[in-house]
Amino acid sequence: SGWCGSVWVPAPPSSADGPLRPSRKKFALMPAPCRLRAPVPVLPLPELTAAYLRATASEARFLAEHAEQGLSAEQGHSLEYLLLLGGLKPAVLICLSYGTSQLTRKAVDAVWRQAAAAAPQLELEEIRHDARVAGTRECFRGMWVLANRAHPEYGCVRRALLLPRDEDVPFAEVGVALGYPVLGHVL
């Protein structure tokens with residue numbers, strides 16, 4: 001049993017329950033936990049593909065050049081960048097995996113400034129305040145956000161990550177800003 005779109009689908013009866021017969025139980029339609037919007041890519045497909053391939057190659061070179069400092073290909077952001085270009089994510093948080101702020105700045109200069117220049121609606125900005133996630137020890141100061149200004153959730157990206165605030169950022173708000181599924185929210 002589980003959700004399928006907006007309908008709860010019961011598990012099929014098993015032969016251990018006795019002979020199989022049609023069930024007379026009715027299942028109410030319930031709102032789906034998450035719904036998806038139609039994506040709006042930031043570029044036409046040929047340009048999107050070229051931008052993605054450039055950024056992926058550039059990041060792979062950067063990771064290889066800094067392998068002695070503990071970086072590996074698994075720490076790349078290429079899939080998230082593709083989802084951003086495809087209009088599926090409002091933003092990508094850059095540097096959780098690069099380790100130090102010095103390596104992060106090098107990665108931003110070597111890879112992400114060029115990637116942000118791929119489309120006019122992309123913006124790259126450093127988080128310069130203590131953006132803390134409620135209930136965790138996570139702080140995003142010194143990290144970078146590559147955001148799509150044309151995405152419907154861009155306002156949430158600004159509020160959750162880029163604008164200083166007095167209180168911690170709710171975990172669900174960070175999820176929405178980064179394009180992750182959040183219960184009850186339309187992606």
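Since the structure is predicted, the reported quantities are computational estimates derived from the model, not experimental observations. Quick note: residue numbers are just sequence positions, from 1.
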**Q** Is the Lys NZ or Arg CZ of K89 less than 6.0 Å from the centre of Y180's six-membered ring, within 45° of the axis?
**A** yes
**Q** Using the six-membered ring wherever Trp is involved, compare the ring planes of H77 and W112 and label them parallel, tilted or perpendicular (cut-offs 30° and 60°).
**A** perpendicular
**Q** Kindly indicate whether the side chain of V157, heavy atoms from C-beta on, has any atom under 4.5 Å from the side chain of L162.
**A** yes
**Q** State, to 0.1 Å, how close A51 and A118 come at their nearest heavy-atom pair, and which atoms those are.
**A** CB-CB, 3.6 Å
**Q** Do N148 and L122 come close enough that some side-chain heavy atom pair is under 4.5 Å?
**A** yes
**Q** I need the F140 CZ to H129 NE2 distance, nearest 0.5 Å.
**A** 10.0 Å
**Q** Counting only N and O atoms by type, is there a donor-acceptor contact under 3.5 Å from the side chain of E153 to the main-chain atoms of G179?
**A** no
**Q** About how many Å separate CZ of R141 and CD of E126, when rounded to the nearest 0.5 Å?
**A** 9.0 Å
**Q** Within this structure, what is the CG-NE2 distance for the pair L103 and H66, rounded to the nearest 0.5 Å?
**A** 5.5 Å
**Q** Whether the side chain of R113 engages the backbone of L124 through a donor-acceptor N/O pair (distance < 3.5 Å, no angle test) should be reported.
**A** no
**Q** Given the rule in the side chain to side chain contact (heavy atoms under 4.5 Å, CB included) test, do V145 and L93 qualify, once you have shown the distances and angles that lead to the verdict?
**A** CA-CA 5 Å; V145 175; L93 189 61; 4.0 Å; yes
**Q** For salt bridge (charged side-chain N to carboxylate O under 4.0 Å, His left out), just list the numbers for E173 and R165, CA-CA rounded to whole Å, side-chain angles, deciding distance to a tenth of an Å, and then say yes or no.
**A** CA-CA 13 Å; E173 195 172 329; R165 57 198 287 173; 2.9 Å; yes
**Q** Taking all heavy atoms of R132 and all of C139, pick out the closest pair and write down the distance.
**A** NH1-CB, 3.3 Å
**Q** Which atom pair, heavy atoms only, marks the closest approach of T104 to G142?
**A** CG2-O, 4.2 Å
**Q** Starting at CE of M143, measure out to CD1 of I94 and round the result to the nearest 0.5 Å.
**A** 11.5 Å
**Q** Nearest 0.5 angstrom please: L43 CG to L85 CG, how far?
**A** 6.0 Å
**Q** R158 side chain to L163 main-chain N or O, any donor-acceptor pair under 3.5 Å?
**A** no
**Q** Identify the two heavy atoms, one from Y81 and one from A55, that lie closest to each other, and give their separation to 0.1 Å.
**A** CE2-CB, 3.4 Å
**Q** Would a 4.5 Å heavy-atom cut-off, applied to side chains only, mark V169 and L161 as touching?
**A** no
**Q** Kindly give the heavy-atom pair with the smallest separation between P90 and V176, and that separation in Å.
**A** CG-O, 3.5 Å
**Q** Applying salt bridge (charged side-chain N to carboxylate O under 4.0 Å, His left out), run through D109 and R105 and close with a yes or a no.
**A** CA-CA 6 Å; D109 291 339; R105 183 153 311 271; 5.5 Å; no
**Q** Got a donor-acceptor contact below 3.5 angstrom from the T56 side chain to the Y52 backbone?
**A** yes
**Q** Do the side-chain N and O atoms of Y154 and E123 include a donor-acceptor pair separated by under 3.5 angstrom?
**A** yes
**Q** I'd like to know if the side chain of S58 and the backbone of A110 have a donor-acceptor N/O pair within less than 3.5 Å.
**A** yes
**Q** Could you measure the distance from the CG atom of L178 to the CD atom of E80? Nearest 0.5 Å is fine.
**A** 7.5 Å
